[in-house]
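Below is one structure, written out as structure tokens; the observations come after it.
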Amino acid sequence: MLLVNNIQENLEKYVEGLTKRGITDGAKLLNEVTDLDSQRKKTQQQLDEIKSKSNQLAKQIGQLFKEGKRDEAEAAKAETAQLKEQDKSLSEQLNTIQNELINKLYNIPNIPHPSVPAGKSEDDNEVIKVNENNKPSLHDGAKPHWDLIAEYDIIDFELGNKVTGAGFPFYKGHGARLVRALVNYFLDEAQKAGYIEVQPPILINEDSGYGTGQLPDKEGQMYGITDSNLFLIPTAEVPITNMYRDVIVSENDLPIKHAGYTPCFRREAGSWGAHVRGLNRLHQFDKVEIVQIADPAKSYELLDEMVAHVEKLVNSLELPYRILRLCGGDLGFTSALTFDFEVYSAAQEKWLEVSSVSNFENYQANRLKLRFKNSDNKKQLAHTLNGSALAIPRILAAILENNQTPEGIKVPKVLQTYVGTDVIKK
RNA sequence: AGAGGAGUGGCAGAGUGGUCGAAUGCGGCGGUCUUGAAAACCGUUGUACCGCGAGGUACCGGGGGUUCGAAUCCCUCCUCCUCUGCCA
């Protein structure tokens, strides 16, 4: 969340940032926050004073008892009643104010980076690079992947419907093999790039949800385990970044780089429709995520590095792709700057989002209390970054569609040893 | 899952109602000594919030309670250890 102390100092910038996101009453929101904060300070001062008096009095009473001055002690005891009442009432006030303040802060998104274009929706995202070198020319009768998977019997949606529900497919035979190949390939590449692999839990608690910003903003996106008060992760970002919740790392350890493979679970409430077919949108999918904990001075450099990493992956899979800089309206709640990668899926003639690479600056770190000791030996909030590298199903969709031939589906070179064949046949 | 035990500062560990933000040791930092280092000795050393400052407040696993006063007593939750049971 935003740092209250910085809001007052940079009010104009903050309002401008929120406006970019399409929040028109930003000034009002921010003023409410700073007002609440001064109320908080005032109330706490009053409360501290009352507590100070109570503490003094309690010491005196102890002393009086020791000296055997019972009557005086009892008299002093009577005096504390009033203080207690004031204490109680002020504590309640303070509590209310603090809750209100934190709720307000939870509901204000991150301030976009200056380079983020204004805009309302994904239509306003800025295409910063298009690489169509690998755009295929498909043979007559080329099919979208939902037909291919049935024809090759490699992914079974019906079976998923039966066993779980819509959006939970079974991958079979070469389909399962392809998923595993992609996961392994992505993890191996991440390792080569210096990311330490972790295999995190795929259930997280509420604190973790708040730490990275899924709560309270996106509660409806996650599946909840209600009897244990846990959530299925929507992305490995959540458990991996939360490894560093309430942690003070040393400057020498930065940047901290982690990669992790997990299944991801998303309810996608309200986003289901006819345009979402096959692998384009699922409730459960596999993803390799890369995460960095960074020195604020270097985080944008590292963001570029992560974008380059993802670009290399997409290139190596011989897929046409483009890179987008998300506009204010499409930017994630906690992000300051996000680049999306889309690959071209040739039979459905669609760009599919396969990666989102973001710098959250200190927005998550502030919630996480993730800090490092800087060269002055002072504690400072770190920056957090993450990116998909990559999400599997849409990559798979594009590979199936783009690589189809009348003889079978060609396996990209980099995957052949993982899959164990260079072509998948019926 | 059941029974028992335990959770205190970076670590170890004392503290069972007031003089405790907390002994002591280790570690860290600064110094004396030394050509340098070690040893020894001396000093210093938690975090957050409020305040220009003096200083104040809170924090002994989390939350709640009793009390004029709680690390200490009570309730509750969490975690760890031991034993028993169950299970990839």
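The chains referred to below are lettered A, B, ... by the order of the sequence lines, with proteins before strands, and numbering in each begins at 1. None of the values given here were measured: they were computed from a predicted structure.
- Scored by the side chain to side chain contact (heavy atoms under 4.5 Å, CB included) test, Thr226(A) finds no partners at all (sequence neighbours excluded).
- In this structure G30(B) sits in a base pair with C42(B), meeting the Watson-Crick or G-U test at under 3.5 Å.
- Under the rule for a side chain to side chain contact (heavy atoms under 4.5 Å, CB included), the partners of Lys69(A) that lie at least two apart in sequence or sit in another chain are Leu64(A), Glu67(A), Glu72(A).
- Side chains of Ile392(A) and Leu178(A) form no contact here, defined as non-hydrogen atoms less than 4.5 Å apart.
- U72(B) and C20(B): their C1' atoms are spaced 11 Å apart (whole Å).
- Here Phe372(A) pairs with nothing under the ring pair (Phe, Tyr, Trp, His ring centres under 6.0 Å) rule; sequence neighbours left out.
- The ring-ring contact (aromatic ring centres under 6.0 Å, His included) analysis of residues 234-258 of chain A, with sequence neighbours excluded, yields the pairs Tyr244(A)-His258(A).
- Remark: A22(B) base-pairs with no nucleotide; criterion is Watson-Crick or G-U wobble with both hydrogen-bond distances under 3.5 Å.
- G17(B) is unpaired under the Watson-Crick or G-U wobble criterion, no partner having all donor-acceptor distances under 3.5 Å.
- With sequence neighbours excluded, no residue forms a salt bridge (charged side-chain N to carboxylate O under 4.0 Å, His left out) with Arg177(A).
- Note on Arg371(A): a side-chain N or O is less than 4.0 Å away from OP1 or OP2 of A48(B).
- Taking Arg245(A) as the reference, Asn205(A), Asp207(A), Ser208(A), Asn242(A), Leu368(A) meet the side chain to side chain contact (heavy atoms under 4.5 Å, CB included) condition, with sequence neighbours excluded.
- Across U66(B) and C75(B), the matching P atoms stand 15 Å from one another, rounded to whole Å.
- Comparing the C1' positions of G9(B) and G28(B) gives a spacing of 13 Å, expressed to the nearest Å.
- Contact check of residues 30-39 of chain A against RNA chain B (heavy atom, cut-off under 4.0 Å) returns no residues at all.
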Scoring nucleotides 52-78 of chain B by protein non-hydrogen atoms under 4.0 Å (B base, S sugar-phosphate only, - none) yields ----BSS---------BS---------
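- When each of Gln45(A) and Lys379(A) is assigned the nucleotide of RNA chain B bearing its nearest heavy atom, the one mapping closer to the 5' terminus is Lys379(A).
- Atom name P, nucleotides A23(B) and G46(B): the rounded distance is 10 Å, in whole Å.
- Nucleotides A40(B) and U47(B) are separated by 33 Å at their C1' atoms, to the nearest Å.
- Relative ring orientation between Phe333(A) and Tyr363(A) is described as perpendicular, the plane-to-plane angle rising above 60° on a 0-90° scale split at 30° and 60°.
- For C60(B) and G2(B), the P atoms lie 28 Å apart once the distance is rounded to whole Å.
- Among the atoms of the strands shown, none is found under 4.0 Å from any heavy atom of Lys42(A).
- Between Glu305(A) and the options Lys312(A), Lys298(A), Lys257(A), a salt bridge (Lys or Arg N to Asp or Glu O under 4.0 Å) holds for only Lys257(A).
- For the C1' atoms, the distance linking A70(B) with G55(B) amounts to 25 Å, nearest Å.
- Nucleotide U19(B) holds its P atom 15 Å from the CG atom of Leu64(A), rounded to whole Å.
- A 3.5 Å limit on both hydrogen-bonding distances identifies no Watson-Crick or G-U partner for G9(B).
- A38(B) sits 16 Å from C26(B) when the P atoms are compared, rounded to a whole Å.
- The nucleotide U82(B) finds its pairing partner in A3(B), both defining distances of the Watson-Crick or G-U wobble pair being shorter than 3.5 Å.
- Base pairing of U67(B): no nucleotide in any strand meets the Watson-Crick or G-U wobble criterion (both distances under 3.5 Å).
- Counting to the nearest Å, the C1' atom of G46(B) and the CD1 atom of Ile248(A) are 11 Å from each other.
- Remark: C49(B) base-pairs with G56(B); criterion is Watson-Crick or G-U wobble with both hydrogen-bond distances under 3.5 Å.
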Let me check something: any side-chain donor-acceptor pairs from residues 419-426 of chain A under 3.5 Å, sequence neighbours excluded? List them with distances.
unit_1: Thr421(A); atom_1: OG1; unit_2: Val423(A); atom_2: N; d: 3.2
unit_1: Thr421(A); atom_1: OG1; unit_2: Val423(A); atom_2: O; d: 2.9
unit_1: Lys426(A); atom_1: NZ; unit_2: Glu151(A); atom_2: OE2; d: 2.8

